[in-house]
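Some notes on the structure that comes next.
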There are 2 protein chains.
Amino acid sequence: MNKVSILLAEDDTNLGQLLKSYLSAKEYDTILAIDGAEAMKIFKKEKFSLCLLDVMMPEMDGFTLAREIRTIDPHIPIIFLTAKNLKEDVIEGFKTGADDYLTKPFSMEELIYRIEAILRRSTKRATDVPAAEYTIGKFNFDVTRQLLTYQDQVRKLTTKETELLELLCRHQNEVLERNLALKSIWIDDNYFNARSMDVYITKLRKYLSKDENVEILNIHGKGYKLLC
Amino acid sequence: MNKVSILLAEDDTNLGQLLKSYLSAKEYDTILAIDGAEAMKIFKKEKFSLCLLDVMMPEMDGFTLAREIRTIDPHIPIIFLTAKNLKEDVIEGFKTGADDYLTKPFSMEELIYRIEAILRRSTKRATDVPAAEYTIGKFNFDVTRQLLTYQDQVRKLTTKETELLELLCRHQNEVLERNLALKSIWIDDNYFNARSMDVYITKLRKYLSKDENVEILNIHGKGYKLLC
DNA sequence: CCGTCCGTTTAACGAATTTTAACAGAATAA
DNA sequence: TTATTCTGTTAAAATTCGTTAAACGGACGG
């Protein structure tokens, strides 16, 4: 079980400190750089599991920084922090790019989710991420292998199915808010993604219907609650 | 209703003392710790209803402290106090996060409001989880599954119906004030929400009419009383 | 380069839930 | 008593959600 180390580049020192404290409290070794140039210097000296880069920074912006970082370590996961009101084409740039991103304002919960998701995806030895298995009534849900097992029947879940079910499990017996789920999984909480999420809820309900004590309850206008 | 005790961790002794005096005057037993390490020591010795933690502190910051506290008591409500000059989006981010948040400077009134809100939520949960079921005359009311059962007839309730009936049950045989119900279920107690609530009272009355000993009584100008 | 497969999104429609409106009836204060 | 505020009930409107199927688009094998 390797410790996860994060390079955080954020020029707003308040936000930077806050994030660093929060991440450290979550057992992520976090080093804060106050601009792109400093981040680069630090990155050359130490080894990191992932980078969290603000896009707008003095000295060197997040994109340029990311490019330079990639010349050293081409596969390190990078999450960008961006303002919500960026122009469409910039956002488009992120979407088509391989990197993950998070739009401000975001909640700590969303950030943690994205970090864990990206770690899950990038590390093959998946034991880094906590709670990789859940028990849902008579089901067993293996998050990292994306398997939902009922007695001897194993069902392979898709990525989105897994992500949504995992979020539901994490909030077992309490309300998972639609917006949190949308922002965590679909990044943007617009109309279409919400429809898409509905479709996945239907799928999950169908899968889980074998155990009648398990239920995904809709809390109108708020979200969903996984009962078991 | 037993006494509420608060652990306050604040390194600014002026503010700390001020808060402590104020909270004590409001009948909250308050103990002040001047840094995270001390707070942790105190927390291990005594029992608290909620914690009020400054995020930026020497020795141990608020997040780390919160994490340690949660290893001892995973459900204790925690309100963070954070610096005033954070950007809007950061603050917004925390608002949507799992933990409650208050940015300096804040008014005492605001603080008290938050404390009461979070206590309401947590005592709700505390009294909810063990007894998530009520008996209303000959009915059985399963809050978490939103089911109202009469003999062998099961009726699925909607979210709003459930929320309102639960509030009534919690105040069984005493007055549930309109404003309280409106604020906790509809958030805002304006004219339209009040009308909406009337509609739900009608619905609940219809559902409960099967047992003639059960009645939702209107207390004119005050609220409702669930008799059973 | 082409077709196929698979996961995801979009579309379309229907159902469930909540809010708003409209009007009638009770309770209360002046 | 009369005016005013508050409550009860029903129906229509608006919003949110559920489900199915088709469209889309990337990955893969030929």
Side-chain angles (χ1 to χ4, degrees), chain A residues 92 95-98 100 117 121 145-148 155-168 175-209 215-226, chain B residues 145-148 154-168 175-209 215-227:
Chain A
E92 231 8 83
K95 279 186 185 159
T96 55
D100 209 343
R121 266 178 279 152
R145 295 179 182 283
Q146 310 198 160
L147 297 176
L148 183 63
R155 159 169 265 134
K156 180 135 179 63
L157 299 184
T158 69
T159 319
K160 282 263 151 38
E161 287 166 356
T162 306
E163 289 178 330
L164 183 53
L165 187 54
E166 202 236 336
L167 261 188
L168 283 165
V175 182
L176 165 63
E177 296 196 21
R178 282 190 88 92
N179 281 352
L180 177 63
L182 284 169
K183 284 203 73 190
S184 298
I185 300 175
W186 279 267
I187 305 196
D188 197 7
D189 61 339
N190 60 33
Y191 174 82
F192 291 105
N193 288 335
R195 302 303 67 239
S196 191
M197 178 168 150
D198 287 343
V199 174
Y200 280 95
I201 287 288
T202 299
K203 288 186 179 183
L204 290 179
R205 279 189 175 136
K206 200 175 291 171
Y207 301 163
L208 294 172
S209 65
E215 192 183 353
I216 299 178
L217 197 69
N218 172 249
I219 308 299
H220 193 100
K222 295 207 178 69
Y224 294 93
K225 201 151 80 168
L226 174 62
Chain B
R145 289 188 179 270
Q146 311 196 155
L147 299 175
L148 183 63
V154 181
R155 159 169 264 134
K156 201 171 199 156
L157 299 184
T158 71
T159 308
K160 282 265 143 64
E161 288 166 358
T162 305
E163 288 175 326
L164 183 53
L165 187 52
E166 203 227 338
L167 260 189
L168 284 165
V175 182
L176 165 63
E177 294 195 25
R178 283 190 86 92
N179 281 352
L180 180 62
L182 284 168
K183 275 198 210 146
S184 52
I185 299 176
W186 279 266
I187 312 293
D188 194 11
D189 62 339
N190 60 33
Y191 173 81
F192 291 106
N193 288 335
R195 298 320 30 252
S196 193
M197 177 167 152
D198 287 342
V199 173
Y200 280 95
I201 288 288
T202 299
K203 288 187 178 182
L204 290 179
R205 279 188 174 135
K206 198 176 292 171
Y207 301 163
L208 294 172
S209 65
E215 194 182 353
I216 298 177
L217 199 69
N218 173 250
I219 311 297
H220 193 95
K222 296 218 168 58
Y224 295 93
K225 197 149 78 167
L226 174 62
L227 298 178

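Sequence lines set the chain letters: A, B, ... in the order given, protein chains first and strands last, and positions in each chain run from 1. All heavy atoms count here, side chains included; hydrogens, waters and symmetry mates do not. What you see is a predicted model, and the numbers here were worked out from it, not measured in a lab.
The number of heavy atoms from other shown groups lying within 6.0 Å of CZ (B/R145) is above 12.
In this structure, B/K222 atom NZ and D/dT5 atom P are separated by 18 Å, rounded to whole Å. If you take CD1 of A/I201 and P of C/dT9, they are 14 Å apart, rounded to a whole angstrom. For A/E215 and D/dG18, the CD to C1' distance is 14 Å, given to the nearest whole Å. We find that CE of B/M197 is positioned 15 Å from C1' of C/dT19, with the value rounded to whole Å. Here D/dT10 presents its P atom at 12 Å from CZ of B/R205, a figure rounded to the nearest Å. Atoms CG (B/L182) and P (D/dT7) sit 10 Å apart, rounded to a whole Å. A/R195 places its CZ atom 12 Å from the P atom of C/dT10, with the value rounded to the nearest Å. For the pair B/Q146 CD and C/dA16 P, the interatomic distance rounds to 15 Å; values are reported in whole Å.
Looking at heavy-atom distances under 4.0 Å, A/Y224 makes contact with sugar-phosphate atoms alone, never a base. Within 4.0 Å (heavy atoms only), B/T158 reaches sugar-phosphate atoms of the nucleic acid but no base atom. Using a 4.0 Å heavy-atom distance criterion, B/N218 is classed as a sugar-phosphate-only contact. A/K156 comes within contact range of no nucleotide atom at all, as no heavy-atom separation falls under 4.0 Å.
One distance of note links CG of B/L227 with CD1 of B/I216; it measures 9.5 Å at 0.5 Å rounding. We find the CD1-OG1 distance between B/I185 and B/T159 to be 11.0 Å, quoted to the nearest 0.5 Å. Here A/L226 contributes atom CG and A/L164 contributes atom CG; the two are 10.0 Å apart, rounded to the nearest 0.5 Å. Here the CG-CG distance, from B/L182 to B/D188, works out to 8.5 Å after rounding to the nearest 0.5 Å. Atom CD in A/E161 sits 10.0 Å away from atom NZ in A/K156 (nearest 0.5 Å).
Between the two ends of the helix from C/dC1-D/dG30 to C/dA30-D/dT1, each summarised by a five-pair axis, the helix axis turns through 30° (rounded to 10 degrees).
Nucleotides of DNA chain C nearest to A/Y191 and B/N193 differ in position, and the one nearer the 5' end is that of A/Y191. Residue whose closest nucleotide on DNA chain C sits further toward the 5' end, between A/K160 and B/L157: A/K160.
Listed candidates were C/dT9, D/dT7, D/dT9. Nearest to the side chain of A/S196 is C/dT9. Of the listed nucleotides (D/dG18, C/dA27, C/dT18), D/dG18 has the atom at the smallest distance from the side chain of A/D198. Across D/dT10, D/dC17, D/dT19, the shortest atom-to-atom separation from the side chain of A/R178 is found for D/dC17. Listed candidates were C/dT9, C/dT19, C/dA21. Nearest to the side chain of A/W186 is C/dT9. Comparing D/dT9, D/dC6, C/dT18 against the side chain of B/H220 picks out D/dC6 as the nearest.
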(message) Evaluate B/R178 against B/D189 for side-chain contact (heavy atoms from CB on, under 4.5 Å), listing each step before the verdict.
(response) CA-CA 8 Å; B/R178 283 190 86 92; B/D189 62 339; over 6 Å; no

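Taking 4.0 angstrom as the limit, B/T202 places none of its side-chain polar atoms (N or O) nearer than this to OP1 or OP2 of D/dG8. The phosphate of D/dT10 has OP1 or OP2 within less than 4.0 Å of a side-chain N or O from B/K206.
Here A/E177 pairs with nothing under the salt bridge (Lys or Arg N to Asp or Glu O under 4.0 Å) rule; sequence neighbours left out.
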